**Q** 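Structure in structure tokens, see below.
No experiment lies behind these values; they were computed from the predicted model shown. Proteins come first, then strands; the chains are lettered A, B, ... in the order of their sequence lines, and each starts at number 1.
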Amino acid sequence: MNSFEFDFSGLGIGEESIMKYLGPEEASLNYEFRDLIKELLGKASAVCSPAAEYRIFPAGEWNDEAKTVSPGGVVFRLKDIVYKQLSLAESLAVFLCTAGPEVEKLGRKAMEDGDPMTSYIYDIIGSAIAEATSRMLHAEVRKAAGNSGLKVTNRYSPGYCGWDVSDQHSLFRLMPDNTCGISLNDSALMNPEKSVSGIIGIGREVSFDPYPCRFCRMKQCLYRNTM
Amino acid sequence: MEDILARIARCVESGKTDKASPYPPDMRGSEGADELTLQAINEGLGAARILDEALIPAMAIVGDRFSRKEIYVPQMLMAAKAMNSSMKHLKPFFQSGETRRKGKFIIGTVAGDLHDIGKNLVSMMIEGGGWEMIDLGVDVSPEKFLKAIEANPGAFVGLSALLTTTMENMKKTVAVLKEKHPSVKILVGGAPVTMEYCEKIGADFYSPDPQGAVNYLKQFAV
């Protein structure tokens, strides 16, 4: 059973990890918003429900021309960047992670109440929880692969690095219904929103790149080089 | 003594919502946009004056400072929060028809994309520019935009996309809207969007920051 529930205290999320998304240190924002961040982190940590699950599939056929791979009978159209990083993998860990629905509900309520700043901080906290959860999941996959003498790649998600977000539907076909309470709508968006889906390559010849953002064209991404 | 409209404007610029708000630290304990707006109304200043002489100029300053990277998203959001606290007292006058807005603006993040921070910033700045906002949210289908246009003739439309992969849906949305309503003005924005892309898909305007959209709309204000 490769499913996990994580405690917020083990995710390594503190005030500093939220502040770095607010602006540069010299803007003195850390001082001005520290109390608010602390308060909202406290509320979020009390209600969030981070969970993750993965399943391993033989990679199937790699098609160098079409840049596709076919684990478990579905086809992922990876495009150049993701295909290049994964194509030496012998198997793929397909995963879903979530921060749970609670923090985004707090954020929506704040927005409805006319407080966009509180909503923004909840949004950052929710993203941080989802990302930390996927990092914990990645560590579990790495540990399991290492026990068999195998290595892992970075994790890649539909919607990024040119991989079409519509492949979410294929990814979800490989996981049991309602995994971690996550559902997918017709536009290929997940509910809860603060969820991460993706794949990790496993094999003897694959490698982990510590600087994956250099492949991405989203130069203005809030999370560039911070993960 | 400082004019009350100038005080409201200063509260909005600084993000001072109400007396209880601890932000900004140098205005702790003083009245905010909430109390001052109520006071201005009680003194007989019309909603239109408060909007035109306090909120709109204040939000324009905030937008310009953000464009020049003198302030960041948090300060802009605090300014928007202060604006909201003032606007809640003005809304009854808009709803009764006693005070008119500059026009209507429909905004949404395109289908397949759930990112709303950029869209919300633009929405707040355009509302602060005196426009009535119709926010359709995220993952908005072309059909939903069409319905909103049909329910609000003459409205302008803003489309947001954050993912390179959902820019294609922006293109489809523009095509659908322009086919049915060729005269509708469509503004586009989002991290991967450029002026070149705006022109390529047949949209009318692109700005890399919210204030650019506010400035573009000024020429159409009624």
**Q** Around B/Lys171, counting heavy atoms of other residues, nucleotides and ligands shown, do more than 12 lie under 6.0 Å from its NZ?
**A**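 For B/Lys171, atom NZ is not crowded (no more than 12 foreign heavy atoms under 6.0 Å).
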
**Q** How many angstroms lie between atom CD1 of B/Ile117 and atom OH of A/Tyr21, to the nearest 0.5 angstrom?
**A**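 It is 11.5 Å, given to the nearest 0.5 Å.
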
**Q** Taking all non-hydrogen atoms of both residues into account, name the closest pair between B/Asp113 and A/Leu189 and its distance.
**A**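 Nearest heavy atoms, B/Asp113 then A/Leu189: N-CD1, 3.8 Å.
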
**Q** Can you tell which part of A/Asp186 gets under 4.5 Å to a heavy atom of chain B, answering side chain, backbone, both or neither?
**A**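 No part of it gets close to chain B.
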
**Q** Give the member of B/Met83, B/Met78, B/Glu70 that has the highest number of heavy-atom pairs under 4.5 Å with chain A.
**A**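 Option with the top pair count is B/Met78.
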
**Q** Taking the side chain as everything from C-beta on, heavy atoms only, tell me whether B/Tyr23 gets closer than 4.5 Å to A/Met117.
**A**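 With C-beta onward as the side chain, the pair stays apart.
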
**Q** If every non-hydrogen atom of B/Asn84 is compared with every non-hydrogen atom of A/Gly114, which pair is closest and at what distance?
**A**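 Heavy-atom minimum between the residues: ND2-O, 3.3 Å.
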
**Q** Do you know the tightest heavy-atom contact between B/Leu114 and A/Glu193?
**A**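 So the minimum-distance heavy-atom pair works out to CD2-CG, 3.9 Å.
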
**Q** So with a 6.0 Å cut-off around CG of A/Asn178, is the heavy-atom count from everything else above 12?
**A**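 More than 12 within 6.0 Å, yes.
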
**Q** Would you call B/Tyr72 and A/Leu22 a side-chain contact if the rule is heavy atoms closer than 4.5 Å?
**A**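 When only atoms from C-beta onward are counted, A/Leu22 and B/Tyr72 do not touch, as no gap falls below 4.5 Å.
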
**Q** Please list, in residue-number order, every residue in residues 118-134 of chain B that has a heavy atom less than 4.5 Å from any heavy atom of chain A; write 'none' if there are none.
**A**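 Those residues of residues 118-134 of chain B which have a heavy atom under 4.5 Å from chain A are B/Asn120, B/Met124.
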
